[in-house]
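Before any comments, here is the structure.
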Amino acid sequence: MRIVINGFGRIGRTVLRQVLKLPETEAIDVVRINDIAPLETCAYLLKYDSVFGPYPGEVKAGPGCLMVDGREIPFFRQGRSRRPRPYRRRRGHGMHRQGGRARDRRTGPRGGCGERADLRPLRGGRHHAGARRQRGKKLGDFRIVSNGSCTTNALAPLLRVLDDTLGIEAGHMTTIHCYTGSQPMVDAPRGPLERSRAGGVSMVPTTTSATRLVGKVLPQLDGKISGAAVRVPAISVSAVDLTLTLARPAGKPVNDMLCEMFAGSRVIGFTEDRVVSTDMRARPESLVVALPETLTVGERQVRIFGWYDNEWGFSARMIDMARLMAAR
């Protein structure tokens with residue numbers, strides 16, 4: 001499978017690290033990278049990473065290419081702004097395809113093509129969500145596919161299985177999320193007032209797109225799940241704190257039920273240890289349920305807490321979905 005990475009930011013570089021170093025990604029070939037930043041800067045940021053540490057190999061800038069472990073990956077600087085013109089609008093997407101065969105895998109849920117995607121599947125959720133009006137199509141038949149958000153990937157598979165098994169009457173989710181590049185490191189104007197505060201020194205209550213996107217991929221839960229976010233001064237790994245009112249009693253310990261439901265899953269993992277966020281760095285699952293944190297009140301109210309590496313786990317799902325799109 002041949003892929004192009006457009007935008008060599010946190011997710012683009014993390015995807016490349018996984019493609020180059022994980023055994024299960026040997027069949028994936030990155031044939032081009034595009035970013036508006038200088039090639040030398042992109043090479044440096046791949047080689048030295050504040051979250052995942054130095055790249056375990058050789059990285060340098062070559063003539064018009066990124067050289068990694070002796071391999072040359074062509075590097076382009078197309079686009080004059082942080083959002084290159086061909087990728088800002090859906091009608092411009094054909095500009096970066098070759099012979100009409102390429103398919104676009106979006107990393108984010110917001111704006112432009114993310115909102116107008118042909119399909120918004122979630123690995124471990126409903127691969128066909130959003131495609132009900134085009135029955136008979138396979139995932140690879142869609143041209144523009146959004147991967148949602150890291151929090152949506154953490155939340156939706158868990159909700160889907162619980163709703164299918166026990167039913168969900170209502171719920172609330174709070175994501176405790178590390179700071180991101182959308183926040184300033186010193187106080188500076190940023191849209192919502194609280195987002196204008198320095199991300200590295202305060203806990204910042206804010207909103208999350210996850211519950212809105214859950215309503216799109218799991219329409220039966222639209223309006224039943226509310227959500228909020230708190231950005232915290234941590235550089236990586238976030239958490240989901242979910243409280244649900246179930247339609248029916250579980251009939252057994254909730255942890256036992258969850259472990260049975262997701263036995264062998266690549267998407268939902270578990271830990272019985274008393275871990276902290278840094279222990280979950282570079283975990284490939286979309287959510288790692290912290291079993292000691294599970295609480296129940298009565299027969300139908302349950303609290304589930306889980307960790308997710310919002311960069312590494314999300315990048316792993318990008319690769320998973322690219323495989324599914326290629327196997328059309």
Side-chain angles (χ1 to χ4, degrees), residues 1-77 105 107-108 123 147 150 153-154 177-181 185 200 233-239 265-271 273 275-288 307-324 326:
M1 178 174 63
R2 293 156 54 88
I3 65 173
V4 173
I5 297 177
N6 178 61
F8 204 49
R10 293 301 307 159
I11 300 303
R13 295 195 297 273
T14 305
V15 166
L16 184 61
R17 277 182 171 238
Q18 293 188 26
V19 166
L20 294 176
K21 287 301 182 183
L22 297 181
E24 60 267 28
T25 59
E26 288 181 353
I28 298 176
D29 184 19
V30 177
V31 297
R32 174 185 290 193
I33 296 171
N34 181 60
D35 196 279
I36 62 172
L39 169 57
E40 293 76 12
T41 301
C42 290
Y44 172 82
L45 291 175
L46 177 64
K47 185 174 182 178
Y48 297 108
D49 192 285
S50 299
V51 175
F52 303 116
Y55 177 80
E58 183 184 37
V59 179
K60 60 182 180 180
C65 66
L66 183 68
M67 299 187 68
V68 186
D69 297 327
R71 175 186 172 188
E72 297 182 1
I73 304 176
F75 186 93
F76 293 81
R77 295 186 65 192
R105 190 81 188 102
T107 63
R123 180 72 173 143
N147 209 51
C150 54
N153 277 267
H177 203 292
C178 62
Y179 60 75
T180 69
M185 288 297 97
I235 195 171
S236 71
V237 182
S238 302
S265 172
R266 288 170 47 88
V267 177
I268 303 294
F270 300 92
T271 179
D273 298 333
V275 298
V276 297
S277 59
T278 53
D279 300 321
M280 296 289 102
R281 192 169 293 170
R283 286 288 295 253
E285 301 95 335
S286 293
L287 184 71
V288 180
W307 304 100
Y308 61 107
D309 188 322
N310 44 285
E311 293 178 345
W312 197 268
F314 183 79
S315 297
R317 298 293 82 74
M318 288 290 297
I319 294 171
D320 284 349
M321 202 59 66
R323 285 200 191 94
L324 289 172

- Message: Is it true that, when you exclude K21 itself, more than 12 heavy atoms of the residues, nucleotides or ligands shown sit nearer than 6.0 Å to its NZ?
- Response: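 More than 12 within 6.0 Å, yes.
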Could you report the tightest heavy-atom contact between [X] and [Y], atom names first, then the distance?
| X | Y | answer |
| --- | --- | --- |
| T25 | Q18 | OG1-O, 2.8 Å |
| R317 | P284 | NH1-O, 2.7 Å |
| I235 | R281 | CG2-NH2, 3.9 Å |
| F270 | R283 | O-NH2, 4.1 Å |
| I73 | V30 | CG2-O, 3.9 Å |
| S238 | C178 | OG-N, 3.2 Å |

Exam field: side chain [X] to backbone [Y], donor-acceptor pair closer than 3.5 Å:
| X | Y | value |
| --- | --- | --- |
| D29 | V31 | no |
| D309 | V237 | no |
| R2 | I28 | no |
| R13 | F8 | yes |

Look up atom [atom1] in [X] and atom [atom2] in [Y], then write down how far apart they are to the nearest 0.5 Å.
| X | Y | atom1 | atom2 | result |
| --- | --- | --- | --- | --- |
| H177 | Y308 | NE2 | OH | 4.0 Å |
| T180 | N310 | OG1 | CG | 8.5 Å |
| N153 | D320 | CG | CG | 10.0 Å |
| E311 | R17 | CD | CZ | 10.5 Å |
| L39 | C65 | CG | SG | 7.0 Å |
| N6 | N34 | CG | CG | 4.5 Å |

State, with a plain yes or no, whether a side-chain heavy atom of [X] is found less than 4.5 Å away from one of [Y].
| X | Y | value |
| --- | --- | --- |
| C42 | I33 | no |
| D279 | W307 | no |
| P63 | E72 | no |
| M318 | F314 | yes |
| E24 | I319 | no |
| F75 | D35 | yes |
| L66 | L16 | yes |

